Amino acid sequence: MYNENNIFAKILRSEIPCDKVYEDEEVLFFKDINPIAKVHVLGIPKAKCQNLQEFILNSDKETFSNFFKKISKVVDMLGLSNNGYRLITNSGDNGGQEVPHFHVHIIGGEPLGSKLG
Ligand code: 5GP
């Protein structure tokens, strides 16, 4: 069950500040507090879902495709399109997921080697 007290839910309710990169009615992108590369941004849908599978199963087509279109827009805004970047989504304990609100890490700005987050 979705935990309303997870950190990203608090960020969405503006109870905790974040360094915002992009926001609209359905999505929020903000800088990771503990970046693993020069550019490290987190993208979250505002819908209450814990992981990618829940997002896939619980979203309509438009919401789902809008999220990935916004990832593409933010990748452009961050200037990552030419030299490349990495997208990561961790899920569950074995996936190393810390925050149980579905999110995508956008990582880049330098050669990443084998950094997988
Ligand atoms: P996960 O391990 O769940 O895939 O990633 C969670 C990410 O959230 C981590 O990279 C961590 O640095 C980031 N994070 C945790 N708490 C906060 C916070 O309060 N603000 C921001 N901006 N990022 C956070």
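Atoms within each ligand, like the ligands themselves, are counted from 1 in listed order. Since this is a predicted model, take the numbers as computed values, not measurements.
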Worksheet item: What atoms of ligand 1 come within less than 4.0 Å of a heavy atom belonging to G96?
Response: 2 (O)
Practice prompt. Scan side-chain atoms only and decide if N6 and K10 contain a donor-acceptor pair under the 3.5 Å cut-off.
Written response: no
Worksheet item: N/O of I7 under 3.5 Å from N/O of ligand 1, yes or no?
Response: no
Worksheet item: Between F64 and F55, how do the two ring planes meet: parallel, tilted or perpendicular, split at 30° and 60°?
Response: tilted
Worksheet item: Under 4.0 Å from ligand 1, counting heavy atoms only, is it the side chain of I88, its backbone, both or neither?
Response: neither
Worksheet item: What part of H103 sits under 4.0 Å from ligand 1 if we count only heavy atoms: the side chain, the backbone, both or neither?
Response: side chain
Worksheet entry | Contact (N/O only, under 3.5 Å) between Q97 and ligand 1 | no
Worksheet item: Is a side-chain donor or acceptor of H105 paired with a backbone partner of D32 at a separation under 3.5 angstrom?
Response: no
Worksheet item: Quick one: does ligand 1 sit under 4.0 Å from the side chain of I33, the backbone, both or neither, non-hydrogen atoms only?
Response: both
Worksheet item: Is any side-chain N of the basic residue among E26 and K70 closer than 4.0 Å to the acidic one's carboxylate O?
Response: no
Item to complete: Heavy-atom contacts with F8 under 4.0 Å: which atoms of ligand 1 show up? List them by number with element.
Response: 8 (O)
Worksheet item: If we ignore angles and hydrogens, is there a donor and acceptor under 3.5 Å between the side chains of T63 and D60?
Response: yes
Discussion item. Aromatic contact between F102 and F67, with the criterion being ring centroids under 6.0 Å apart: yes or no?
Written reply: yes
Fill in: ligand 1 atoms in contact with N34 (distance to a heavy atom under 4.0 Å)
12 (O)
Worksheet item: Just which atoms of ligand 1 are under 4.0 Å from any heavy atom in N90?
Response: 1 (P), 2 (O), 4 (O)
Worksheet item: Run the salt bridge (Lys or Arg N to Asp or Glu O under 4.0 Å) check on R13 and E4 step by step: do they pass?
Response: CA-CA 10 Å; R13 293 194 297 266; E4 299 281 352; 3.7 Å; yes
Practice prompt. May I ask you to list the atoms of ligand 1 that are less than 4.0 angstrom from any heavy atom of H105?
Written response: 1 (P), 4 (O), 5 (O), 7 (C), 10 (O)
